[in-house]
Amino acid sequence: MTHEFRLPDIGEGLTEADIIEWFVDVGDDVAVDQAIVEIETAKTTVEITATVSGTIVRLAGSAGDTVTVGDVLFVIGDDSSQPTADSSQPTADSSQPSTISRQQEPVAVAGHAPTRTVRVRAMPIIRKLAKERGIDLASITGTGPGGAVTREDIDGAVDDTTDADLEPMTSKRRAIARHMSESWATIPHVSVQADVRAESMLDARDLPDGRTASLESIVGLAVMPLLKRYREFNAVVRGDAVEYREHCNLGIAVDTDGGLMVVVVRDSDALSPPELDAEIARLAEAAKAGTLSPDEAIGQTFTISNIGALGGGHGTPIIPMGTSAILSVGRARQVPVVDNGEIAVGLVAPIDLSYDHRLIDGSLGQRFLSDLVQTLESPRP
């Protein structure tokens, strides 16, 4: 008897993952809960473990290949199952319950079709990639398991006469690209800008216990009361209706080696200032380490991006799908300011608010931003 393990549903909007590393080979004996493969999704890296013991009879794909939800990742056989040379053939499914998606896979058996056409072995995502690049799969010698065509085989088939350095996107970068394109094409963006006297905002980072709070937590504390006053900024357009949220899940943009990620502080309005700061720090570290759970990277209702941490100034941030607004904060700089009719040196930080113009009019957007500036410039108790 054999047991197929398919890529499970790994979170809202995540339909594929890249294989990073196999920890076993075909023919290895494995135990329950043993790590079999590490995959990278658009949000994090995940280890998939075995739920039964037995012998590995099939590994689907190589490091760097992309698999979609429902694709077979690996097959484990019991003592009566032996590894076969043709590891690409589908195996019998077992009746053992599993939390892994068990969608049926189309079967093409060579030699039993009414024609002599031999089907090239390749996963659906590889077939799609070959079609997009105008490459005939039949012209490629596959180097994957059972002669399957891999992403590396497709890349190697690109015309050698070109000087372009063609490198496939990672799952994370593909997800970012899709998300940004969908937001820009769907949401009519309007961005407004302001400059904030940053002295009070930066002073508030000095905590009584000697620690330094993140700027994201200070700005978040200023934003959350405004989200209750201006409900449109904590809402989302759903067709011809508006969904207003009673809770606040702050999204915090984090710069990682794999690209920008948004981590989500759930029920952030229920946290004390130290708790909010600690949770932002924890999630940011998990994002950089690639250990976020899927739930920690979805579901934000308003997003804050501290581009000043990278030296940024004004910008026009793109609104995350499922929300109506995003705020970016730039780096505070010393500039000439006027205090009581006198020119002095002050700290000024640029802030930018992008919002969904289907829901938020210009006057409302400006009132929100003006109230935020006043809050940030007010001395903290």
Item to check | Donor-acceptor pair, side chain of Ser268 and main chain of Cys248, under 3.5 angstrom | outcome: yes

Checklist entry - Strictly by modelled atom types, are Asp277 and Ser214 linked by a side-chain donor-acceptor pair under 3.5 Å? => result yes

Checklist entry - Judged by modelled atom types alone, do Asp352 and Ser191 share a side-chain donor-acceptor pair under 3.5 Å? => result no

Checklist entry - In the single-linkage hydrophobic clustering (I, L, V, M, F, W, Y; side-chain heavy atoms under 4.5 Å), do Leu73 and Ile20 co-cluster? => result no

Item to check | Asn249 side chain to Gly299 backbone, donor-acceptor under 3.5 Å | outcome: yes

Next on the checklist: For Arg266, is the CZ atom crowded, meaning more than 12 foreign heavy atoms sit under 6.0 Å from it?
Outcome noted: yes

Item to check | Common cluster, Met321/Val237, ILVMFWY with side-chain heavy-atom separation under 4.5 Å | outcome: no

Item to check | Worked verdict on Arg197 versus Asp339 for salt bridge (Lys or Arg N to Asp or Glu O under 4.0 Å) | outcome: CA-CA 11 Å; Arg197 288 291 299 271; Asp339 282 332; 3.1 Å; yes

Item to check | Audit row: Leu310, Asp255, side-chain contact (heavy atoms from CB on, under 4.5 Å) steps and yes/no | outcome: CA-CA 9 Å; Leu310 301 175; Asp255 183 47; 4.1 Å; yes

Item to check | Greater than 12 external heavy atoms within 6.0 Å of Asp136's CG | outcome: yes

Item to check | Any donor-acceptor N or O pair under 3.5 Å, side chains Glu275, Ser272 | outcome: yes

Checklist entry - Ion pair present between Glu16 and Arg174, side-chain N to carboxylate O less than 4.0 angstrom? => result yes

Next on the checklist: Does any part of the side chain of Leu347, heavy atoms only, come nearer than 4.5 Å to the side chain of Gln334, both counted from C-beta?
Outcome noted: yes

Next on the checklist: With rounding to the nearest 0.5 angstrom, report the CG to CG distance, Leu227 to Leu372.
Outcome noted: 9.5 Å

Checklist entry - Is Arg282 paired with Glu296 through a side-chain N to carboxylate O contact shorter than 4.0 Å? => result yes

Next on the checklist: Is a donor from one side chain sitting under 3.5 angstrom from an acceptor on the other, for Asp356 and Ser324?
Outcome noted: no

Item to check | Exam field: side chain Ser217 to backbone Ala213, donor-acceptor pair closer than 3.5 Å | outcome: no

Checklist entry - Does the side chain of His247 pick up a donor-acceptor pair with the side chain of Asp267 at under 3.5 Å? => result no

Checklist entry - Have Ser200 and Asp203 got a donor and an acceptor in their side chains that come within less than 3.5 Å? => result no

Next on the checklist: Quick check on Gln374: does its CD atom have over 12 non-hydrogen neighbours (other residues, nucleotides or ligands) under 6.0 Å away?
Outcome noted: no

Next on the checklist: Pair Ile39, Glu47 - check side-chain contact (heavy atoms from CB on, under 4.5 Å), show working.
Outcome noted: CA-CA 6 Å; Ile39 62 173; Glu47 285 188 359; over 6 Å; no

Checklist entry - For the residue pair Phe74 and Phe5, does the interplanar ring angle fall in the parallel (under 30°), tilted (30 to 60°) or perpendicular (over 60°) class? => result parallel

Checklist entry - So, are Arg231 and Glu246 salt-bridged, with charged N and O less than 4.0 Å apart? => result yes

Checklist entry - Applying the 4.5 Å side-chain criterion to the ILVMFWY set and letting contacts propagate, would Ile319 and Leu250 be lumped into a single cluster? => result no

Checklist entry - Salt bridge check: are Asp206 and Arg211 linked by an N-O gap of less than 4.0 Å? => result no

Checklist entry - Would you say the side-chain atoms of Trp184 pair up with the backbone N or O of His179, donor to acceptor, closer than 3.5 Å? => result no

Checklist outcome for this item: Which of Ser328, Pro317, Ser183 passes side chain to side chain contact (heavy atoms under 4.5 Å, CB included) with Ser354? Answer is Pro317

Checklist entry - Would you call the rings of Phe233 and Phe368 parallel, tilted or perpendicular, where under 30° means parallel and over 60° means perpendicular? => result parallel

Checklist entry - Does one hydrophobic cluster hold both Ile326 and Val236, with members joined at side-chain heavy-atom distances below 4.5 Å? => result no

